[in-house]
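All remarks here apply to the structure that follows.
Just so it is clear: chains get the letters A, B, ... in the order the sequence lines come, proteins before strands, and each one is counted from 1.
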Number of protein chains: 2
Amino acid sequence: MTELEKGPQGLRRGRGARERILGACRQLFRDQGINRTGMDELCAAAQVSKRTAYQHFAGKDELVAEYLRQFDPDVMPAVFDNTDLSPRERLLAAFELPASGTGELTPMCPYIAAAVELHDPEHPASRYARDYKNAIAARLADTAREAGAANPEQLGEQLALLLDGAAARTRVLNTESFPTAAAIAAVLIDNALPATAGDGAKTTVG
Amino acid sequence: MTELEKGPQGLRRGRGARERILGACRQLFRDQGINRTGMDELCAAAQVSKRTAYQHFAGKDELVAEYLRQFDPDVMPAVFDNTDLSPRERLLAAFELPASGTGELTPMCPYIAAAVELHDPEHPASRYARDYKNAIAARLADTAREAGAANPEQLGEQLALLLDGAAARTRVLNTESFPTAAAIAAVLIDNALPATAGDGAKTTVG
DNA sequence: AGCTATGTACACCGATCGGTACCAGTCTGG
DNA sequence: CCAGACTGGTACCGATCGGTGTACATAGCT
């Protein structure tokens with residue numbers, strides 16, 4: 001499988017087949033879900049023969065896993081690596097990013113969607129979804145620590161839960177729920193950060 | 001379809017076919033998901049012939065919708081109709097109920113799971129999932145109003161988001177997330193209820 | 001007795017699933 | 001020029017999908 005990427009000059013010709021397949025995944029999996037998207041349809045959308053698709057990916061399971069891995073490998077760099085924002089602003093920015101710009105709904109978090117659709121915790125895509133969610137919580141906790149939160153791990157886990165709640169709720173209700181999550185996040189952050197605007201109340205429930 | 005339930009003495013014989021089918025739905029849909037459960041397998045588990053199943057339900061779509069409708073038609077009565085608890089305690093109880101008792105994880109909220117798996121907002125089951133989620137938020141808002149919250153609708157929506165976040169996160173991470181949601185809920189409730197204890201004090205509202 | 005309604009058992013339908021085999025074309029480096 | 005890797009196109013595989021048709025067994029009511 002290593003030759004796939006670093007072949008001396010091997011597959012330089014059909015350049016982009018792999019990317020086209022993953023691009024088709026992003027569109028079709030978002031529009032109609034993973035289970036309802038067949039390999040035939042997917043290959044047709046990618047303008048790639050099934051033969052080629054199965055030469056790049058061992059099977060649909062591996063393709064789904066790779067689709068998730070390619071989705072946001074750096075874990076929201078636009079939020080967490082933005083040095084123009086203070087740590088506190090970065091925490092809040094995580095809730096404003098997804099809903100930015102277009103008037104359409106924030107698409108369902110693909111990691112949650114994959115875990116629910118595949119329904120097997122040991123599926124490679126489910127495993128990666130877990131890793132990604134842990135990574136998000138860790139970055140939130142790091143930023144919370146940087147902001148001076150009393151209990152950064154707890155705040156990170158709480159904010160991560162808000163993100164997932166907004167994603168799930170947006171999908172079920174067909175209504176944007178990230179503003180609600182952002183409002184809760186503001187309260188939690190104010191309560192956890194001592195120097196900022198919050199009052200003295202710090203009821204950290206163990 | 002009216003004769004199905006109220007036939008004078010019609011289907012008294014095979015009593016329970018419908019209930020057995022729905023019971024099999026609850027188990028199989030929870031254990032392996034909706035899409036991965038075929039009608040053959042479902043009928044076998046219910047000890048019902050496919051012919052009978054399709055006499056009770058127009059199709060799998062309608063069966064899934066009915067499965068959701070039967071799940072919690074009264075919208076958590078054990079929480080919201082419990083007169084032994086104060087309104088504030090009822091709001092908190094909504095987060096302790098699902099994880100109670102057994103050592104296993106809280107199962108994924110079937111409404112979210114159905115909406116994600118079916119992936120069609122106009123599917124009858126997706127429509128009902130939306131109705132149910134709105135009903136939960138409404139009951140939470142009513143209870144928040146009863147507890148004297150400044151903005152009960154907002155608090156209800158926030159608490160509903162926490163429930164959904166805990167459900168989604170529990171599923172993805174394979175780790176119980178309701179305690180985290182309960183901790184956030186406690187903060188939100190304390191912040192929204194004026195008369196009650198702002199900090200650790202426990203003066204329950206009358 | 002019949003009659004009707006409901007049930008089971010089981011074969012069967014077309015469609016679609018994930019995945020593979022085969023062939024012909026096309027580009028590559030030697 | 002030619003071997004070989006890689007491609008698209010397409011037919012095909014077995015399995016499973018949701019759903020139906022047919023034949024026969026029970027049950028209750030008249």
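For the pair Met39(A) CE and dA15(D) P, the computed distance is 20 Å after rounding to whole Å. Atom-to-atom, CG of Asp61(B) to P of dC17(D) comes out at 15 Å; the value is rounded to the nearest Å. Computed from coordinates, the Ile21(A) CD1 to dT7(D) C1' distance equals 12 Å when rounded to whole Å. Atoms CG (Asn35(A)) and C1' (dC17(D)) sit 13 Å apart, rounded to a whole Å. Rounded to a whole Å, the OH atom of Tyr54(A) is 6 Å from the P atom of dG18(C). Atom NZ of Lys60(A) and atom C1' of dA15(D) are 15 Å apart (whole Å). In this structure, Gln32(A) atom CD and dT16(C) atom C1' are separated by 14 Å, rounded to whole Å.
Between Glu157(B) and Arg169(A), at least one side-chain N (NZ, or NE/NH1/NH2) sits under 4.0 Å from a carboxylate O, which counts as a salt bridge. One finds no salt bridge joining Arg139(A) and Asp74(A) here, because no Lys/Arg side-chain nitrogen approaches an Asp/Glu carboxylate oxygen to under 4.0 Å.
In this structure, Asp40(A) and Val48(A) both approach DNA chain D, and ranking their closest nucleotides by distance from the 5' end singles out Val48(A). Comparing Arg36(A) and Ala58(A) against DNA chain C, the residue whose closest nucleotide sits nearer the 5' end is Arg36(A).
Considering only side-chain atoms of Arg51(B), the nucleotide from dG18(D), dG21(D), dG19(C) that sits closest is dG21(D). Comparing dG18(D), dG19(C), dT8(C) by their nearest atom to the side chain of Lys50(B) picks out dG18(D).
Residue Gln47(B) places its CD atom among 12 or fewer non-hydrogen atoms of other residues, nucleotides or ligands, all under 6.0 Å distant.
Look at His56(B) and you'll find a side-chain N or O under 4.0 angstrom from OP1 or OP2 of dG7(C). For dC6(D), the OP1/OP2 oxygens have no side-chain nitrogen or oxygen of Gln55(A) closer than 4.0 Å.
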Inset, instruction - Apply salt bridge (Lys or Arg N to Asp or Glu O under 4.0 Å) to the pair Glu62(B) and Arg69(B), showing each step before the final yes or no. - result: CA-CA 10 Å; Glu62(B) 182 51 40; Arg69(B) 290 191 205 101; 3.1 Å; yes
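The closest side-chain donor-acceptor pair between Arg30(B) and His119(A), if any, does not fall under 3.5 angstrom.
Within 4.0 Å of Gln47(B), counting heavy atoms only, lie sugar-phosphate atoms of the nucleic acid but no base atom.
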